[in-house]
Amino acid sequence: MIYLDHLLKATQGTLRQASKHVHFQAFNHDTRQISPHEIFVAVRGERGNGHDHVLDAVRKGATGLLLSGQTFQQFSEQTKSVLANEEITIVLVEDTRRALQQYASAILEIWHPTVIAVTGSVGKTSTKEAIATVLSRQFTTFRSWQNYNDMLGIPLSLGRLEARHEYAVLELGCDHPGEIAALSRVVRPQIGVLTNISPVQLQYFSSLEHLAFELGTLLTSLPEGGQFFYNQEDPIIRALLEQRVHHAPSTVSCHPFLPAGYAVDEQPGVTVRWDGIQGTIKRRHTSGELERGEDEQVTVQLRSQLLGEHQFTTMLAAYQIGLSRGIYPSLVEQALTTLKPLPGRLNPLPGIRQSVLLDDTHNAAPASVKAGLQTLSALAGERSQRIAILGDMLHLGDTEAEAHRAIGREISQYVDYLITRGEWATLIAEEARQAGMDNERIIMTSTHEDAAQAARRILNTLPESDGCAVILIKGSEEIRMERVTELLMARPWEASELLVRQTPGWKKTIFRHAERPTWVEIDLNAIGSNTRHIASMVGPRTRVLVALKADAYGHGALKVARTVLQNGASMLGVATVSEAIPLRDAHITAPILVFGYVPRWQMREALRLGVSVTIYSREEAQALSQAAQALDKTVRVHVKVDTGMGRLGVRFEELPTIIELVREASQLPGLELEGIYTHFAQADAEDQSHVRMQLERFQGVLQQLEEEGLRPPIVHAANSAATLSLPEARFDMVRPGIAIYGLEPSPFVRLPEGFRPALAFKTQVSQVKWIPAGEGISYGSTYITPRPTLIAVLPVGYADGFRRSPQNWGSVLIHGQEASLLGRVCMDQCMVDVTHIPQVRMGDEVVLIGRQGEATLTAEEVANRLGTVNYEVVSELLARVPRVD
Ligand SMILES: *Cc1c(COP(=O)(O)O)cnc(C)c1O
């Protein structure tokens, strides 16, 4: 509960508008989650400004507003008059974030609960919850919500602190240097708890020592008489304590809740032993024993439903703190038995086909992945198959690659199957393979759906029985592995209660930043689903080759390759040998056909990569045969026939040459004749006469070959347009490209219902400003402002594939509205008119291709404006534009 008096006094704010509302249930800064009787706090964030949403907050029932005075002055007269007519209290301050901190500090002083601050690299939230659960047995105890643990989150959650609270247990985050000290100044803890120190969030700290120093600030911030509880088993904490304990006030007392060497009985007087996880998969718990005895020997059994050895540490911290606050030991033990895993923290959930999901999707770091694997292995026991689905671990500084590899080296002792999702995680798979794990049991995927599908396939091979498999699901926050869990839950409708990151705000957040504020977003699920559409359309007897040339039409060849191969494609097509290299380097073993010219000097490389080569001359076939013999290898070839495209291939009229070439290809040593194909020039035209003519010519060639008994195993002709519109042209294999990316082959051959575009091209406003009338914009001043004009500068230019001439993009989308380009597009920047969208701010999202609110700007529309085709628009998005998925 927040009282207006307290708020005004603490923040020195101005009561701009009074109403009957003089107290509020809580603070809220997110209008998507606001409840009636809360006070809305407008904060400026990385992706928006709360001040733009005040009317929304009022509409949703906020009865108070805490706003920046300066921004309030800039509100439109209309907004001000709407607010003036509402029964609502408005407090103005200089800086809303600072005001929240001032309130937090003041309210802790007014109601003076004993503040317990918990920090550490991992396990903070579980430990905070455990301590609060234990203390609640005897005291009214406040706990910070969920993992609201920073300079904004802690003050926001302290809005719910009340006079009756005797204890406040708060989690302190540690994402950047100075944070713990700053948070400690605000909340002034009397008791500090340090769980462990391991390499997470290392991108913000130069080294582990630096991180340790930061976490150690909690100790040195304690007041006289403070108490510090720590995990002595952690060697980094031990070292830290030796250095830093002299910097703490002399009367601070230090208490290890887990003694060093506990597993080997080293500590005289205290013995702690972890018994491991017991019970069956359905009823399980973690337990351990603690023997304390100086005068008398006492043995305590600690037991809870939390899973894993690290959770035993959590229990011990809560146990020791409970005892130190005078709570009777049996009460503490009893409180511990009620602890249940939090969402996303080794939380067992019923999975499909009677499997057990071990949902550990909250976050991931090397130590917690290892703990997860150990728990998986212990829980599965003898009877169940152990499956780990692992996403990338992020924020490990430059230890990222090695950290993934290290997990891969050990993983086969813990799991029977490994499924990875994402690029870093493929290193786990590679290393597991190198360490001898069966390749059949390692599946690499790029999307949540494919990862879940891979698990489903494994489950389908197992007899359905209780706990036939235990599946650990884990990855860093940004990787959003909870989506995989959701896809595997027996009762997916419970996802919103049982999984992490289920609020509307979280669901919308894409907080994985690209390397620059101009980026391409690829929806790999769309690519997977488009591929499945094509595969089901052509049926099981026709193979699908996906054209991946030009970096998969600008979509990123590697991830697209993995995705299409998981979703029904069995072959890949590239334009050049060089395009096959990154695919093979990433252990993609599927057949790859090179459509284009392979010069003699590159034949050996083609052989090394094991790609299929297109041939259309006998001399080249012979040269290829020689190269193959020299390397003692076999190369698969496809004969190319030109039936009217006028591009590569033997002309269809030269039938004897074609027959001769096919014969040689099937007889020359080192060659294996795999296919024959042609390519259509007008499959996408309104008038089908040309494509039908090419098809007839090709059929004529095939008939001759059949008569000679020379028909190659794979006959193929159809690109996307022909696949969709000319079923007779599908033969043994189709070769779609554009349709896989969800783009229309042409205005005449449209995609059927269900295909979705996969690519969005976006940037962010880099500056907004007024330009007076009569001024020029951009090089050559080709555009002169006819009136005072509000412009937005965008950090995208022709060197990103955002074309300059002869025609440019015309307009882009901002706030769901069109904004026209002004003047020439520069190499790296351009300007748009936003006079009609005055709410535009620096940092706002700009859509160059894709959707924004109700508005869309498709690649097809852009192609129209540029006077070209969608193919060119997407494949021209240059390599310096980062891709995110
Ligand atoms: C690019 C290409 C394709 C795919 O064409 P789409 O029109 O994108 O479906 C098929 N075959 C060959 C030989 C190609 O070069």
Side-chain angles (χ1 to χ4, degrees), residues 526-527 530-531 533-535 537-538 542-555 557 560-561 564 568-580 591-598 611-616 637-650 674-685 688 690-691 694-695 698 714-727 729-752 755 757-759 859-860 863 868-876:
I527 288 179
N530 297 339
T531 310
H533 272 298
I534 294 272
M537 195 180 279
V538 300
T542 306
R543 290 160 158 258
V544 177
L545 171 153
V546 169
L548 282 186
K549 55 203 187 194
D551 202 19
Y553 296 35
H555 290 63
V560 171
V564 299
S570 59
M571 200 159 175
L572 306 170
V574 295
T576 66
V577 171
S578 61
E579 285 186 336
I592 301 178
L593 172 62
V594 178
F595 296 142
Y597 167 49
V598 179
V611 295
S612 305
V613 175
T614 298
I615 57 169
Y616 41 88
V637 294
H638 289 235
V639 173
K640 180 81 189 279
V641 183
D642 176 7
T643 55
M645 170 80 181
R647 208 166 72 176
L648 278 191
V650 190
E674 188 177 41
I676 186 164
Y677 73 110
T678 192
H679 191 54
F680 296 128
Q682 294 197 38
D684 59 350
Q688 287 216 325
H690 191 273
V691 64
Q694 276 195 272
L695 182 61
F698 190 49
I714 307 178
V715 173
H716 51 113
N719 58 0
S720 299
T723 304
L724 296 173
S725 66
L726 198 63
R730 290 177 189 165
F731 297 103
D732 305 314
M733 181 165 85
V734 293
R735 299 192 309 268
I738 201 87
I740 296 293
Y741 307 106
L743 301 172
E744 309 276 1
S746 80
F748 311 108
V749 180
R750 311 294 299 269
L751 289 172
F755 282 79
L759 179 145
E860 287 78 18
T868 181
V869 290
N870 50 9
Y871 292 74
E872 192 182 352
V873 175
V874 291
S875 58
E876 265 179 8

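Read the numbers this way: they start at 1 and go in the same order the structure lists the ligands and their atoms.
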Undergrad: Between the side chain of Thr868 and the main-chain N/O of Ala863, is any donor-acceptor distance below 3.5 Å?
TA: no
Undergrad: How are the rings of Tyr677 and His638 set relative to one another: parallel (under 30°), tilted (30 to 60°) or perpendicular (over 60°)?
TA: perpendicular
Undergrad: Between Thr531 and Gly568 (side chain of the first, backbone of the second, donor and acceptor by atom type, cut-off under 3.5 Å), is there such a pair?
TA: no
Undergrad: Decide whether an N or O pair under 3.5 Å exists between Gly737 and ligand 1.
TA: yes
Undergrad: Using a 4.0 Å heavy-atom threshold (strictly under), name the region of Lys640 that reaches ligand 1: side chain, backbone, both or neither.
TA: neither
Undergrad: Contact between ligand 1 and Met645 is defined here as a heavy atom of the residue under 4.0 Å from a ligand atom; is it met?
TA: no
Undergrad: At a 4.0 Å threshold, what atoms of ligand 1 neighbour a non-hydrogen atom of Arg647?
TA: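 So the atoms of ligand 1 that pass are 15 (O).
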Undergrad: Quick one: look up the protein heavy atom nearest atom 2 (C) of ligand 1 and list residue, atom name and how far away it is.
TA: Lys549 NZ, 2.4 Å
Undergrad: Check step by step if side-chain contact (heavy atoms from CB on, under 4.5 Å) holds for His679 and Arg735.
TA: CA-CA 10 Å; His679 191 54; Arg735 299 192 309 268; 3.0 Å; yes
Undergrad: How close does the nearest protein non-hydrogen atom get to atom 7 (O) of ligand 1, and which residue and atom is it?
TA: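 That would be Tyr871 OH, 2.6 Å.
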Undergrad: Looking only at protein heavy atoms, which one is nearest to atom 10 (C) of ligand 1, and what is the separation?
TA: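 Atom 10 (C) of ligand 1 sits closest to the protein heavy atom Arg735 O, 3.3 Å.
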Undergrad: Quick one: nearest non-hydrogen protein atom to atom 9 (O) of ligand 1, plus distance?
TA: Ser720 OG, 2.5 Å
Undergrad: Decide yes or no on side-chain contact (heavy atoms from CB on, under 4.5 Å) for Thr614 and Val598, but give the supporting numbers first.
TA: CA-CA 8 Å; Thr614 298; Val598 179; over 6 Å; no
Undergrad: Strictly distance-based, threshold 3.5 Å: is any side-chain N or O of Glu579 a donor or acceptor partner for the main-chain N or O of Ala550?
TA: yes
Undergrad: Is the shortest N/O to N/O distance between Pro736 and ligand 1 below 3.5 Å?
TA: no
Undergrad: Quick one: nearest non-hydrogen protein atom to atom 8 (O) of ligand 1, plus distance?
TA: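 Minimum-distance protein heavy atom for atom 8 (O) of ligand 1 reads Tyr553 OH, 2.6 Å.
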Undergrad: Please confirm whether the backbone N or O of Ala722 pairs with a side-chain atom of Asn719, one donor and one acceptor, at under 3.5 Å?
TA: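 Answer holds: yes.
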Undergrad: State whether a side-chain donor-acceptor pair under 3.5 Å links His716 with Arg543.
TA: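 Short answer, no.
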Undergrad: What residue and atom, counting heavy atoms only, is the protein's closest point to atom 12 (C) of ligand 1, and at what distance?
TA: His679 CE1, 3.4 Å
